[in-house]
Structures are given as C-alpha cells and as structure tokens.
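Comments concern the structure below.
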Amino acid sequence: MHALLPPPIRPKITYKKIAERDWAESHCDLSIWLIEKNAAKTLLKQCRRSPELIREYDRLSRRGPVAALRLSADDRSGSILCIFVKNQDSTFARLQAAAKSWKEAASLHPVSVALATFGLADSDEWLDAMLAAALAGSALMPQYKEKPEQPSVKSIQVLTDSGAKRFASTEATHDGNYLARWLTAQPPNLLDSHQYREALQALAKQRGWSTEFFGVKELDKLKAGAFLAVARANPHSDAGILRLSYRPRSSKTKGSLSLIGKGICFDTGGINLKSHKGMYDMHTDMQGSAVAVGTLLALSQLNAPYAIDCWLALTENEIGPKAYRPQEVITAANGVTIQVVHSDAEGRMVLADTLALAARNKPDLIIDFATLTGACVQALTERMSGAFSNRDNLRNAIEIAGRNSGERVWSFPMDADFDTDLDSTIADIMQCTMDNKGDHILAARFLNRFVPERIPWIHIDLAAANRSGGLGHVPTEITGFGVRWAVQFMQHHSFAKLP
Ligand SMILES: [Zn+2]
C-alpha cells in the first residue's frame, strides 16, 4: 500500500434488526440512543433501566431542557448515552447534531458502539447521520509523530429494521470523504504532484481502475498551453493530467460521467506571490482533485452502472525564472487564446485544458470540483459551496442534492452577458479581471469556454472545502465537501440511477 493512502482499517459495521423491548441495550461498551424530545419521558419508561433513567432525567430537567443524559454500565449492558432530538426536515441539522453527539460519545473512549433511535419518525435518516458522524469522527488524519494517536472505536452496531443496503451509500460516501480529507491533509513536501500521482496510480490498481497519464510531453503534443503555463515553474517535470477510469461490471452501461478535479499540490500564487497568511494552507489547493477521486471511490464501491472517468490536473503553482507572467498570451488545447492577468488564478488555467481534454470523449455529464475563488467564500462563507451549470434545468436537482445530502450548494448565475467582463483586446478571453468583482461567476464563465455546449456540465466552487471547526458531521477543518453531494446527485440523476 502506498504510504500516502489512508490506512484500510475502519470500524466494523454491523446491522441488527430491532426485536425486543430492550433492543437498544447491546453488549457494546456504549449505546447511543437518539430519542424523540417531546416523548422523552414516556419512551424512557419503556426501557429496562427506566427507574435510573427517569431519576437522572428529572434531576437534569430541574436545571432546564435536557439535551443529553448518560448512564454508566451495569452488569447487563454497557454505558448509555441518551440524546434528545426532534424529527428534522434538514439533513444538515441532523448531521450537525450527530457530530455534537459523537463528540460527547468519543470522550468516553468506547471500543464498541451501538446506535439506536427511539420514537423518531425519521429513524433511518438519524442513523445515517449518526453513522456518518461516528465514522468521520473516529477516522484519524495523517500524523507524523513518534507516538501517533490510535483509533479507539473498533465496531459499530446499527439497530435498524432496514438492513445494510439502506446504509451502503453512508459507508461508501464516508470512504470517499475520508480519502479526500486524508489526501488533502498531507504535507506538500510529501504529497507533491509526483508522489500524489503515484499514490493515485496505486489506488487505481487496488480498485481495478485503469489509468492514463498525460505528462508534460504528451500535453505539449496536445497543445495544452494553459496547463503547461502553470506547470512551467516547477523544478521537476512530473506535472500532468491523470485519468482514472472505472467501468461497471455489466456491459449494459447507462451513460458516462466525467469527474474533474483541480489538483494544485501547492499554490504559492506564482509570480504574483501570495502573502504568508494567504499561502499558509495552500497545500490544500488540491482538494478538488481529492474530492473527485473520493467521489469515484464512493460511486465505484456502490457499483454505479455507468462509466466514470476522473480527470485530475496535478501540478504545483511555483515561482521561478520560468514562471508564467501577467500579459502572456497562452493557447489552450481547444485553441482558445487566454490573456494572462494574475498568476494566482492558476486553477482556471489547469482546469481549462483538463475540461477540454475530458470533453473529447463526449461524456453525458461533466462535474468539476475546485477550490477556485475567494469570491465564492466571500459570497457564501464556508458553510456552502457554489454551483454553476450550463443547463438551467439541472439547477433544482443540484440544490435538492445539496439539501438531501447535507452538503449544501447554492446556484449562481451563468448568464452569457457576464462574458463581456472578460473581453480581451489581444486574445479570445481574459483569464480574470483586475478588480476581482464577481470572480466566482467570471471563473465559471471562463471555464465555460472549454466545455462544448452539447455536454451538460456542473462546476462546483468548493467554498466549503476548509472550515475552522469542521462542517456538518465532519469534525476536521478540511471537510472533503462534495463527495456526499455528488453521490446524492448521481443517485437521482436521470441517466444514472444507482442500483
Ligand atoms: Zn491560486
């Protein structure tokens, strides 16, 4: 296994039917019960340890509304953690509450955990959120320490009548999200464009995906000048576009999806160098590519019945004597010429050629992920990501997938008249404007020039990729945002209903 890939261990997950009255009391160290708030006392009365539970509930309720209560183990079962919640319409609210509950549970350092609900109409949705939070919260991030922290949770038992199939996508999206977060958290001296590619090639081998790499030489032949302009200052010539291909087992494929990711392994800003604060986290500027790979992993684990190609633009954006400069005119692979304005707008440059390359295969849908603009963060904060599409009729589905997955996206306009802001006197298009106004929209209009009109395309500007304190069920600053959204979107997309 490649050292840059996450360890293949995660808690063992089992699903158990609810049979008896005291079903929630398993042989686990800790049982987490999510209980309907308004019927809390009535429900507690039905449990084996009801006298103790009611006594504790009454004691706590004298201080105010009870959010949670804890009971230590007795001779028949482990500890119990009761969390009082309401039926919820919002997946995001459920995920957020689940993360809070998991934090409390994790402080008890359980080795085995049971998850159950009591009196909740949306029981499976709560279990999905709780399982997602438990998996995300117990998955360790990369550590390079003499004594690294060890995972404590070894097994999770989910008490549900629905069975394992109901939670297949919860598990798969966790695996995808964890892969994305793990890769993104790697230090830039270890995960450079060379090592990153090797790690992804190893992963592809493990998963049975085929790979193709377009290195500097091949990209030169393809006249991918926009990508090569960014890679020019690299001290090595390992940059390139990596393609990972998944094909379903059945020969009756229902369509094809291309996932595109921005993989800038470190973004110095280039010759328009960033400040030290602006550069601090720039090893995470490859998160779009990690999310694309994470999505590929999740969809292939779910045996998606369509072909998926994942196109990853892997390079650093370095400074050096060869660095590309403002006012250069660059020709992209589809022949469009670009007037360079700012070397730190490298994401749209590498994506331009990657989109053009992916489009040659005429996929039925393209989705790209990129930590692309500060303007998108200005507009949305880090709670949501921005969505753009060349198809108005996808807008509803894009936002519904956001609400249902809990990874919320907000659609921005893609009207053609924005293009005049990028008019250039010397080239076909300007890379960006000098004043940054509406840069998230202009970046999307820029990318639109590299996607043929006939191909439906969705661009996700990952404003929510990094958020202090985490987001939803994810406790780490690097959120891996996008995998849950994409899996949810594809589950309901017309050409590609998952089995
Ligand atoms: Zn940049």
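Both counts, for ligands and for their atoms, begin at 1 and track the order of listing.
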Distance under 6.0 Å and angle within 45° of ring axis: R408 vs F92 | yes
Would D428 and R449 pass as an ion pair if we require N to O under 4.0 Å?
-> no
May I ask you to say whether D128 pairs ionically with R484, meaning some side-chain N is under 4.0 Å from a carboxylate O?
-> yes
Using 4.0 Å as the upper bound for N to carboxylate O, is an ion pair formed by K262 and E346?
-> yes
Those residues at least two apart in sequence (or on a different chain) that pass salt bridge (Lys or Arg N to Asp or Glu O under 4.0 Å) with R403 are none
Mind listing the protein N/O/S atoms less than 2.8 Å away from the Zn ion (ligand 1)? Waters don't count.
-> D267 OD2, D344 O, D344 OD1, E346 OE1
Pair F481 + W485: ring centers closer than 6.0 Å = no
